[in-house]
Every structure is written in structure tokens, then in C-alpha cells.
Amino acid sequence: TGRKDRIDNHHPTDVFRIMAASLGSFGAEVQVMSDALLQKLIREQAADEIPEDADLDDYEIASLRVDFQNILRIDNLWTFTALTRLQLDNNHIETIENLDCLVNLEWLDLSFNYIEQIQGLHCLVKLTDLSLHHNKISKLENLEALTKLDCLSVGENDLTSLEQAPIEYLRQFKNLRCVNLAGNPLCADERYEAYVIAYLPTLQYLDYRLISPESRQAAVIRYQDSLELVQVKEAEFAEHQRKAKAQSDTDARYATAFAQDLRSATFFNQLFDPELIKLQPIDGVKDLFDAFREWVTQKVEELAKMALEEADKRKEETDMFFEALEEGCTESSQKSSALVDAFLVRKMETLSQASNMSSSKSNETLQALAADLATLKKNLLDIEVELVDQVETVSKQFERNMVEMINSFIEQLQATMTELREREEQHHRDISDLCISYLERFLKGEADNAMDLPDDLNVLLRDKTSLTNAINGAHDTHLLFIDTTEDHIVNAAQQSNETLFQRLTKKEAARSRARISEICKLHDFQKEELDQLIS
């Protein structure tokens, strides 16, 4: 249904007709949106298409009207995944809910209800036409997922002002061509028409009226200055979104590479015990810290780069595996389809010939066809067994390759972590030697800048035990962090492989079971038909 149909359906003259019709149900008992009601409505609306004794589960319902039914709550629509058009107008609905399964919906009418908040539409990504006419909505919100929205009717609601609605919210919908706001308090604002036209540049129709080029030009001139500010704000927001997406993509890539913990700056900040910062006023300590930081940062960056490169290799291997898997399944399916098609052609020819034969000769011919059917089943099962063997062979090779890749990654990781531990040991010795030497001079009163030391360092320098405990404690913290990070990455890498292999095994088993079931059903259906003919 195009925009013109929507405009026709909700033209002001038709609104009175709809309101008049709704008066007929005033005071009627509220209904539950039950399976029984939905099936009744489907049979009424598709009487010419669906036989009376047909099972509705065998049909994909594309359009459904549940209007004027005194419905209080949307429910029981989870099986209607094929719906593209749903009419729920003129009911007593208060909340938009239970629509998540209608992922193919393109047209939704919720007009003439008691809805106060726009919500529950985030899964309807194909929706182009939405009517919320004559409800109690006070704010335009929660429509972000409806990127294909072409026509929106929110007339006769409680949108009080252009800024609070807010009209500017609708600028994000680049396909929006038709908007109806008539009957809202904001329409009383003398700026209304020009404001909406200026702020929504893609609009072609406002309140069911075509926007003239002259009206658009005048509106843009009137709000030129404020629009420039809006455009600047939108550009800044778009840039923020771009950076956020780039960061999200980077985070996802690092996660796939098991390198979330290998961001160089973050790694060092988490590794380094802040207790050691107290020692920086001691001559030479800061230089040791800076050298340690530089070395660790470089080493972790190299490790992260290696992890990302290994992840790319694993992705390439995985893509090749799934491509080979798909090719094998497609080839198997084509072989099976050719056998089935050949049998069905032979069946039609045989039945045609049998109709002109004597009873005994006809039975003999049909029995031969039944034997062909048994052969067909055997051949189809043989093709499936062959495919299962091929998949098993390819899967085992894939598993071996992935295990080798993960093991190679783990070996390189562990080698780098060993280097980190060794460098931490050296750093610990250097810091200890430097600080103990300073402490000895400090206790003898020979230390430089001793009078300028901060209080927290003076506390550590009271005796050798306090100082060595602080340094050793930091060393233990550093080593623990390195060990924990290594264990976390190794476990994540190994678990990733195990999860992948388990998922592949489960998926292949399900596919094979479904294929065998399909073959058996085909055979049983054809055999039952032939048995009836033979008898």
C-alpha cells in the first residue's frame, strides 16, 4: 500500500466515518486477542483464498485486520512472522507490545487507541508506514530503528509544542515523505507549518497536503540561521557516531583476537602498582619507571599486532571452511534434486501409461515404479551419507588447522609473557638496588633533597623493612597481573576453539537429521499414493 492509500484512509472526512463506526462498539466488553479470535478473523478476511477445512498453519498470512474488536492488549502474534500489513485501529490498546516477531511488517495501523508512549517497535526494521493517529502520545521517541519510515501519522495526539514534541527528532528519517500532525496542540503555533517544512527537508506531504516549492523556499529562508546551527550539531553528532562505531569495530576485532587485555597504555596502567609512584622523588627512579614503561608498551604493542594477524589467519581459514561446506551441501542438493525430478517425471509417464492398461498389467507397472521409489530413497540416503563423510573429513582437517593456529598463537603469547616476567625481575632488582642505596645515604644524612621529600615517602624511608616490603609487594602485583593476563588469554583462545567445534558438530547433526527426515517423508508420501493405486 503506497502513500496515497494511507492519505486516503486517513483523510479528515474519513476520520469522522471511523469515529462514527467506533461509537457502535462503545460500552462493549473488552476482548482478549486470542488464537481463536485471530483464526476467526483470518477465515473471514481470506474466505476466498483459504478453504473452510484448511489448516491455517499451512498458510503464510501477509495481511491481517484486527480493528473494532475492543482489544485491550496486543498478544498471540508470534506465529505471524510473514505479516507485512497489520491493522489494530479502533481498539482499547494502551501499550505497544508483543510485536518483536513481526520482522517483515511494512504497514502498521494503531490509530484510535489509548496509547501514551511510542515503544515496542525496535524490531520492525522494515516498517515504512505507521499510523498512531488519535492516541494520547505526548512525545516522538523510540522510532530510531525504523530507518525505512516513509509515512507517519501522529495526528490528534498530545504533542504540545514544536520543541517538546520534538519535531527535530524526525530529521533522522531520511526516507520520510509524509507526516500528519493535524489536531495536536502544537498546530496552534503560528510557526507550525513553516517550522515543520523547514526542519524536515524530505517531506512531500504535511497533514495530507502537498508541500509547494514556494512554501518550502519561504520556510527555509525563515529558519535559515537556526537550521545552520542544527546542521552543525548534526555534523558533530555524526562524527561522534563515526568515532564510536570505529571504536566499537576496533573493540570487536581485539576481542576476536583475544587481545582485549593487550591495549598498551591500559595494560601498563593496570600492571603498574601505584604504590611505587611514591618512590619517584628518589634520584634515578623516574628514569627507571619511564624506561620500563617504554619497553612494556612496545612489547605489548608487538604482541597485540601478532594477535590481530593470527586472528586474520583464523578468519581466512574459517571462511574457506564454510565456503567449502556450502559448496558440498549445494552439490549434494543438486544431485538429490535431479534424482527426485527424474523420478517424478517417470512417475507421471508411468501413471499415464498405466491408465490405459489392464488391471494386472497396471499393477505390475505400478509395482515396478514402487521399486524405483525404493531405489530413489536408497540413492538419496547414499548421497546424504557421502555428504556426511565429506563434511566429517573437511571438519577434522579444519579442526586440526585451527588447533595448530591457536597453539601457535599461545606459544608466541607465552614467549612474550616470559620476556615480560624477566624484564619485571630486572626492573625490580634495579629499583631495589637504587632505593636501598638511597635509604642508606638517607639514614646517614647524606642523601640529596632529603628535606624536600613528601610525607608518604618519608614513611617508607623510616626503615629498610618498610621500603623493601613496598617494593616487593609491587613486584608480586606485577607478576600476578602478567600471570592472570596470560591465563585469561590462553583460556579464551582454547575455549573459543572448543565452542566453535561443538557448534559445528551440533549444526551438522541437525542438518543431517533434517535431511534424512525429509527423504523419509518424501518416500512415505509417494509410497502411500502408489499403494492406494496398486490396491
Side-chain angles (χ1 to χ4, degrees), residues 243-274 292-326 391-392 394-425 427 474-511:
K243 290 181 178 179
K245 184 180 184 306
Q247 184 61 54
S248 177
D249 292 343
T250 299
D251 291 344
R253 187 160 181 254
Y254 268 74
T256 303
F258 318 113
Q260 308 98 305
D261 301 327
L262 300 179
R263 306 293 181 91
S264 55
T266 304
F267 183 92
F268 186 83
N269 290 337
Q270 292 177 330
L271 163 72
F272 196 75
D273 190 337
F292 184 55
R293 178 187 291 105
E294 182 179 351
W295 187 91
V296 169
T297 298
Q298 180 180 349
K299 188 60 63 174
V300 172
E301 286 177 351
E302 293 172 359
L303 181 57
K305 181 181 178 182
M306 179 276 296
L308 293 170
E309 290 172 350
E310 290 294 314
D312 290 340
K313 293 177 184 177
R314 293 195 299 273
K315 183 180 184 305
E316 182 179 357
E317 178 70 21
T318 302
D319 290 345
M320 289 175 59
F321 166 73
F322 281 111
E323 184 179 341
L325 204 61
E326 185 176 353
V391 170
E392 184 178 0
V394 173
S395 296
K396 286 183 177 179
Q397 183 59 51
F398 172 66
E399 289 184 19
R400 284 194 292 270
N401 293 344
M402 290 296 288
V403 168
E404 288 178 4
M405 288 181 174
I406 286 295
N407 287 342
S408 173
F409 164 69
I410 290 175
E411 288 174 5
Q412 295 179 74
L413 168 73
Q414 291 174 333
T416 300
M417 289 301 181
T418 298
E419 290 184 63
L420 283 171
R421 293 186 190 91
E422 292 173 351
R423 184 65 179 83
E424 163 58 27
E425 293 286 357
H427 176 69
H475 176 54
D476 292 340
T477 299
H478 294 174
L479 291 178
L480 177 61
F481 178 77
I482 294 172
D483 292 344
T484 301
T485 301
E486 179 182 343
D487 291 343
H488 178 262
I489 296 175
V490 170
N491 290 336
Q494 292 174 338
Q495 184 60 45
S496 174
N497 257 3
E498 292 176 9
T499 301
L500 174 62
F501 301 152
Q502 290 172 1
R503 189 171 71 247
L504 289 175
T505 300
K506 185 177 180 180
K507 185 176 180 180
E508 169 56 17
R511 183 208 62 79

Phe272 vs Thr477, test: side chain to side chain contact (heavy atoms under 4.5 Å, CB included). Steps then yes/no. CA-CA 8 Å; Phe272 196 75; Thr477 299; over 6 Å; no
Please enumerate all residues that pass side-chain hydrogen bond (donor to acceptor under 3.5 Å, both in side chains) together with [X], with sequence neighbours excluded.
X: Arg400; answer: Gln397
X: Gln414; answer: none
X: Glu302; answer: Gln298

Nearest-0.5 Å distance, [atom1] of residue [X] to [atom2] of residue [Y]:
X: Gln260; Y: His488; atom1: CD; atom2: NE2; answer: 6.0 Å
X: Arg314; Y: Thr256; atom1: CZ; atom2: OG1; answer: 8.5 Å
X: Glu404; Y: Glu317; atom1: CD; atom2: CD; answer: 9.5 Å
X: Glu422; Y: His427; atom1: CD; atom2: NE2; answer: 15.5 Å
X: Lys305; Y: Glu301; atom1: NZ; atom2: CD; answer: 10.5 Å
X: Leu303; Y: Leu308; atom1: CG; atom2: CG; answer: 9.5 Å

Quick check on the 6.0 Å ring-centre criterion: do Phe267 and Phe481 meet it? yes
Between Phe292 and His478, how do the two ring planes meet: parallel, tilted or perpendicular, split at 30° and 60°? parallel
Using 30° and 60° as the class limits, which term best fits the ring planes of Phe409 and Phe258: parallel, tilted or perpendicular? tilted
Would you indicate whether Glu498, at its atom CD, is surrounded by more than 12 heavy atoms from other residues, nucleotides or ligands within a distance under 6.0 Å? yes
CD of Gln247: more than 12 outside heavy atoms within 6.0 angstrom? yes
For the pair [X] and [Y], find out whether any cationic side-chain nitrogen is under 4.0 Å from an anionic carboxylate oxygen.
X: Arg421; Y: Glu486; value: yes
X: Lys396; Y: Glu392; value: yes
X: Asp312; Y: Arg253; value: yes
X: Glu310; Y: Lys313; value: yes
X: Asp249; Y: Lys245; value: yes

Residues in ring-ring contact (aromatic ring centres under 6.0 Å, His included) with Tyr254, at least two apart? none
Looking at every non-hydrogen atom in both residues, tell me the closest pair between [X] and [Y] and how far apart they are.
X: Ala257; Y: Ala307; result: CB-O, 3.5 Å
X: Asp273; Y: Ala474; result: OD2-CA, 3.4 Å
X: Thr250; Y: Arg263; result: O-NH2, 3.9 Å

Could I get the full list of side chain to side chain contact (heavy atoms under 4.5 Å, CB included) partners for Thr484, not counting sequence neighbours? Leu480
Show the numbers, then the answer: is there a side chain to side chain contact (heavy atoms under 4.5 Å, CB included) between Lys299 and Arg423? CA-CA 11 Å; Lys299 188 60 63 174; Arg423 184 65 179 83; over 6 Å; no
For residues 489-497, run the donor-acceptor check on the side chains, cut-off 3.5 Å, and write out each pair with its distance to 0.1 Å, sequence neighbours left out.
residue, atom, partner, partner atom, Å
Asn491, ND2, Asp487, O, 3.1
Gln495, NE2, Thr499, OG1, 3.2
Asn497, ND2, Met402, O, 3.3

Is there a side-chain contact between Val403 and Phe501 (heavy atoms, below 4.5 Å)? yes
Can you find a pair of side-chain heavy atoms, one from Glu326 and one from Phe321, that are under 4.5 Å apart? no
Side-chain donor/acceptor of Ser248 to backbone N/O of Ala244, under 3.5 Å: no
Among Val300, Thr266, Thr485, which one satisfies side chain to side chain contact (heavy atoms under 4.5 Å, CB included) with Asp261? Thr485
